[in-house]
There are 2 protein chains.
Amino acid sequence: MTHSEENYLKAIYHLTSVLENEISTNAIAEKMETKASSVTDMLKKLADKDLVHYKKYQGVSLTNKGLHSAKMIVRKHRLWEVFLVEKLAFSWDEVHDIAEQLEHIKSEQLVNKLDAFLNFPTEDPHGDPIPNAEGNIIKVEKQLLSELQEKQTGICVGVKDTSSEFLQYLDKQGISLGSKIEIKSREIFDLSLKISINGNEMTISNKIASNLFVRKV
Amino acid sequence: MTHSEENYLKAIYHLTSVLENEISTNAIAEKMETKASSVTDMLKKLADKDLVHYKKYQGVSLTNKGLHSAKMIVRKHRLWEVFLVEKLAFSWDEVHDIAEQLEHIKSEQLVNKLDAFLNFPTEDPHGDPIPNAEGNIIKVEKQLLSELQEKQTGICVGVKDTSSEFLQYLDKQGISLGSKIEIKSREIFDLSLKISINGNEMTISNKIASNLFVRKV
DNA sequence: TATATTTTTTAGTTTTGTCTAAAAATTTAT
DNA sequence: ATAAATTTTTAGACAAAACTAAAAAATATA
């Protein structure tokens with residue numbers, strides 16, 4: 001499988017978890033920052049290799065084979081992210097681009113040895129789940145901080161937006177995975193929240209709260 | 001720089017250390033298991049990018065820029081080999097193909113952090129030197145075991161052939177980097193050697209002795 | 001020196017992944 | 001239901017990296 005094919009599979013996989021049903025050519029083109037015609041070309045190739053179900057004008061979905069391949073790519077990406085942060089001391093906002101390259105390294109043995117070396121982590125540095133060697137994922141029930149009611153408390157377990165801008169903002173505010181966040185009050189006008197995080201009080205916008213995953217406690 | 005361009009630079013670099021003068025198109029084609037016409041095509045591209053000095057029919061040599069790029073690729077390859085052996089418990093005969101992929105990952109920060117994580121090794125698992133971040137190489141004086149005289153002793157510091165067949169043979173015989181080898185006697189007829197290695201006596205062929213580097217002691 | 005052999009380059013093709021422009025199908029709106 | 005707008009596909013082109021076959025240059029041999 002080529003890098004390009006792998007990138008398409010991964011894009012379809014990520015879109016599937018957001019959009020539920022069949023994925024449109026345009027959605028893929030937008031996600032991959034390419035042209036719809038290029039996507040159509042690739043979808044034919046992926047269908048030929050039995051990696052996607054594809055019917056002209058009807059959108060695509062992953063076959064079992066394609067789903068498994070996609071999970072293995074995501075597995076590699078997230079394991080490498082753990083390696084970069086835990087072993088090489090990268091910060092969580094620096095690892096994505098490097099992991100984008102590393103995820104294409106082909107060696108099942110390598111992935112599994114890396115997994116063992118890292119002590120079989122179940123989540124990457126952003127709180128996203130890491131599929132195991134069989135492709136199984138441990139789902140942690142989590143919700144957006146913005147969905148909590150006043151006086152409720154949650155533990156930060158993930159981020160929705162993984163851009164370095166957002167991650168650096170969180171670093172600056174002292175918010176990280178594991179932080180305990182209580183909603184003190186919600187401003188009706190702009191839905192901004194007054195929160196206390198590990199004791200400190202601060203105000204965050206709805207946009208921030210809509211990109212932080214928490215586990216209610 | 002593309003993977004292909006990097007592979008050509010690396011091939012020219014390795015050939016240079018063996019052949020001294022200008023490298024021929026055919027030598028590169030043989031090394032890379034490709035056709036001379038493909039090599040010619042690529043040499044033009046590399047010359048356009050100022051990575052090689054190339055004159056039609058005259059062979060090529062690396063420019064300073066090309067030499068530095070080649071060293072950085074070799075650096076990455078050998079650092080990843082150290083990682084695979086020391087951290088992931090691969091054996092020295094398994095790492096080459098994986099390192100061939102990893103050497104193309106582009107991130108200066110990654111290489112340098114990996115270097116630090118591995119504690120700045122100067123040699124890879126086969127005893128080959130690792131260029132530092134500036135491209136400098138610590139040359140260790142070494143010679144082939146086959147060049148030693150009877151009664152002389154050496155410490156095994158490297159291998160010339162890095163094929164898994166040869167490396168597995170060495171594992172089987174208990175020969176590894178650091179082994180102390182004394183030449184007991186040389187058979188004139190086939191140049192085979194009776195040696196003692198860490199106490200054990202054994203006989204090895206000239207072909208084996210011609211692929212083991214030692215430092216005389 | 002002239003001829004034969006080897007090496008290297010050129011010319012033209014293929015494959016992969018991309019693009020633009022135009023056509024076709026589908027969806028939305030009147 | 002028909003027209004308008006949007007989405008998707010097709011057709012044709014291009015660049016990168018490889019190939020084959022043939023031409024050109026260099027080297028070796030008689």
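Order of the sequence lines fixes the chain letters, A, B, ..., with proteins taken first and strands second; residue numbering starts at 1 for each chain.
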Worksheet item: Can you tell me how far P of C:dT6 sits from OH of B:Y57, to the nearest Å?
Response: 17 Å
Worksheet item: Within less than 4.0 Å of OP1 or OP2 of D:dA17, is there a side-chain N or O belonging to B:K35?
Response: no
Worksheet, complete the sentence: Testing C:dC19, D:dT9, C:dT10 for proximity to the side chain of A:Y54, the answer is D:dT9
Item to complete: Check every strand shown and say whether A:S4 touches a base, only sugar-phosphate, or nothing at a heavy-atom separation below 4.0 Å.
Response: sugar-phosphate
Worksheet, complete the sentence: note: A:N7, atom CG; C:dT18, atom P; distance rounded to Å ~ 9 Å
Worksheet item: Is any side-chain N or O of B:S38 closer than 4.0 Å to OP1 or OP2 of D:dA18?
Response: no
Worksheet item: Nearest to the side chain of A:Y8 - C:dT9, D:dT9, C:dT18?
Response: C:dT18
Worksheet item: Within less than 4.0 Å of OP1 or OP2 of C:dC19, is there a side-chain N or O belonging to A:T34?
Response: yes
Worksheet item: Can you check the B:D48 CG to D:dA17 P distance for me, whole Å?
Response: 12 Å
Worksheet entry | Candidate nucleotides C:dT8, D:dT8, C:dT18, ranked by approach to the side chain of B:A36 - the nearest | C:dT8
Item to complete: Considering just the side-chain nitrogens and oxygens of A:S37, establish if one lies under 4.0 Å of OP1 or OP2 belonging to D:dT8.
Response: no
Worksheet entry | Any B:K45 side-chain nitrogen or oxygen under 4.0 Å from OP1 or OP2 of D:dA17 | yes
Worksheet item: Can you tell me if CG on A:N64 sees more than 12 non-hydrogen neighbours from other groups inside 6.0 Å?
Response: no
Practice prompt. May I have the distance from A:E6 (atom CD) to C:dT16 (atom P), rounded to whole angstrom?
Written response: 16 Å
Fill in: Distance-only side-chain donor-acceptor flag, B:W80 / B:D124, under 3.5 Å
no
Discussion item. If you only use heavy atoms from C-beta on, which nucleotide in D:dA18, C:dT16, C:dT8 is closest to the side chain of A:T2?
Written reply: C:dT16
Worksheet item: Has A:K113 got its NZ or CZ under 6.0 Å from the middle of the six-membered ring of B:F90, at an angle within 45 degrees of the ring axis?
Response: yes
Worksheet item: Rounding to a whole Å, what distance do you find between B:I23:CD1 and C:dT8:C1'?
Response: 16 Å
Discussion item. With nearest nucleotide decided by heavy atoms, which residue, A:D41 or A:K56, maps closer to the 5′ end of DNA chain C?
Written reply: A:D41
Worksheet item: Which one of B:K10, B:K76, B:K71 satisfies the salt bridge (charged side-chain N to carboxylate O under 4.0 Å, His left out) criterion with B:E103?
Response: B:K10
Discussion item. Of the listed nucleotides (C:dC19, D:dA17, D:dA26), which one gets closest to any side-chain atom of B:Q58?
Written reply: D:dA26
Discussion item. Any base atoms under 4.0 Å from B:T25, or only sugar-phosphate, or nothing? Heavy atoms, all strands.
Written reply: sugar-phosphate
Discussion item. Can you tell me how the ring of A:H3 sits relative to the ring of A:H104, calling it parallel under 30°, perpendicular over 60° and tilted otherwise?
Written reply: parallel
Worksheet, complete the sentence: note: A:E30, atom CD; D:dT6, atom P; distance rounded to Å ~ 15 Å
Discussion item. What is the distance, to the nearest angstrom, from the CE atom on B:M42 to the C1' atom on C:dT9?
Written reply: 16 Å
Practice prompt. Would you mind reading off the distance between B:M1 atom CE and D:dA16 atom C1', rounded to a whole angstrom?
Written response: 16 Å
Worksheet item: A:F117 vs B:F83 aromatic rings, parallel, tilted or perpendicular, using cut-offs 30° and 60°?
Response: perpendicular
Worksheet entry | Closest nucleotide among C:dT18, D:dT10, C:dT8 to the B:N26 side chain | C:dT8
